[in-house]
Amino acid sequence: MDPDARDRIIAAVRAVPRGQVAGYGEIARRAGLPGRARLVARVLGDAGDRALPWFRIVRSDGRIAFPPAHALHAEQATRLRREGVAVEGGRVRMARRAVQIDEAVWGPRA
DNA sequence: AATTTGACCCGTC
DNA sequence: AGACGGGCCAAAT
């Protein structure tokens, strides 16, 4: 795969601030790769841990991508809660709504 | 070389 | 809320 694209994805993931979450597709867009959410997932997998805030990346509907049985599912929820993100039923609360409200008040672009 | 497999997404019904 | 079809595509079978 294109190593340049990989680097841009990594950068976009790193750019997600503490206490916030972003969707795979969102990251892809921010990396200049619209429609390539799956590539983001793949890059994250290959990257292993690599000190990346991988746990801040969730599905577009707010659900954690890993199946509940998977060990990483619990780990992701734990690490998110540690940053103050509310996770219920394997799903993130607030984040998307909060972001939209911010945009409504302050205008687009953050 | 062909098919299946994913840490996915979106519009539509 | 869920289902369905189509898009996406590198790796692993």
Side-chain angles (χ1 to χ4, degrees):
Chain A
M1 70 164 284
D2 185 7
D4 182 55
R6 192 209 62 215
D7 290 342
R8 292 206 304 278
I9 289 173
I10 299 291
V13 171
R14 283 229 160 87
V16 179
R18 257 182 82 88
Q20 282 199 31
V21 297
Y24 292 84
E26 212 174 329
I27 294 298
R29 274 198 306 280
R30 290 174 185 174
L33 302 163
R36 304 187 59 182
R38 294 196 102 125
L39 184 58
V40 173
R42 163 159 285 287
V43 168
L44 255 47
D46 291 343
D49 201 311
R50 200 101 50 164
L52 283 175
W54 58 267
F55 50 89
R56 299 192 187 123
I57 313 304
V58 298
R59 287 189 177 167
S60 63
D61 62 3
R63 295 196 323 147
I64 286 177
F66 299 104
H70 196 296
L72 288 180
H73 183 280
E75 183 182 346
Q76 181 162 13
T78 299
R79 298 184 76 157
L80 281 176
R81 287 196 260 254
R82 195 180 306 166
E83 296 190 346
V85 177
V87 184
E88 262 176 59
R91 187 173 320 177
V92 166
R93 302 278 230 185
M94 295 310 283
R96 300 193 73 74
R97 193 173 325 223
V99 169
Q100 287 178 208
I101 290 173
D102 283 349
E103 287 182 342
V105 176
W106 295 100
R109 201 65 58 198

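Naming: A, B, ... by sequence-line order, numbering from 1 per chain.
- Across A:Trp54 and A:Gln76, no two heavy atoms sit closer than the pair CZ3-CB, 3.8 Å.
- The CD atom of A:Glu75 lies 10.5 Å from the CG atom of A:Leu80; values are rounded to the nearest 0.5 Å.
- Following rounding to the nearest Å, A:Asp46 (CG) and C:dA11 (P) show an atom-to-atom distance of 7 Å.
- Between chain A and DNA chain B, the heavy-atom contact criterion of under 4.0 Å yields a 5' to 3' nucleotide range of B:dG6 to B:dC10.
- A:Arg8 meets the salt bridge (Lys or Arg N to Asp or Glu O under 4.0 Å) test with A:Asp4; sequence neighbours excluded.
- The gap from the C1' atom of B:dA7 to that of C:dC4 amounts to 22 Å, rounded to the nearest Å.
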Scoring nucleotides 2-8 of chain C by protein non-hydrogen atoms under 4.0 Å (B base, S sugar-phosphate only, - none) yields -----BB
Apply salt bridge (Lys or Arg N to Asp or Glu O under 4.0 Å) to A:Arg79 and A:Glu83, showing your working.
CA-CA 7 Å; A:Arg79 298 184 76 157; A:Glu83 296 190 346; over 6 Å; no
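- Between A:Arg59 and A:Asp61 no salt bridge is recorded (no basic side-chain N to carboxylate O distance below 4.0 Å).
- With rounding to the nearest 0.5 Å, the separation of CZ in A:Arg36 from CD1 in A:Ile27 is 15.0 Å.
- Heavy atoms of A:Gly25 sit under 4.0 angstrom from primed sugar atoms or phosphate atoms, though from no base atom.
- The CG atom of A:Leu33 sits 5.5 Å away from atom CD1 of A:Ile9, with the distance rounded to the nearest 0.5 Å.
- Without hydrogens or angle criteria, A:Arg81 side chain to A:Val87 main chain gives a donor-acceptor distance under 3.5 Å.
- Across the protein-nucleic acid pair, A:Met1 atom CE and C:dA11 atom P stand 7 Å apart, rounded to whole Å.
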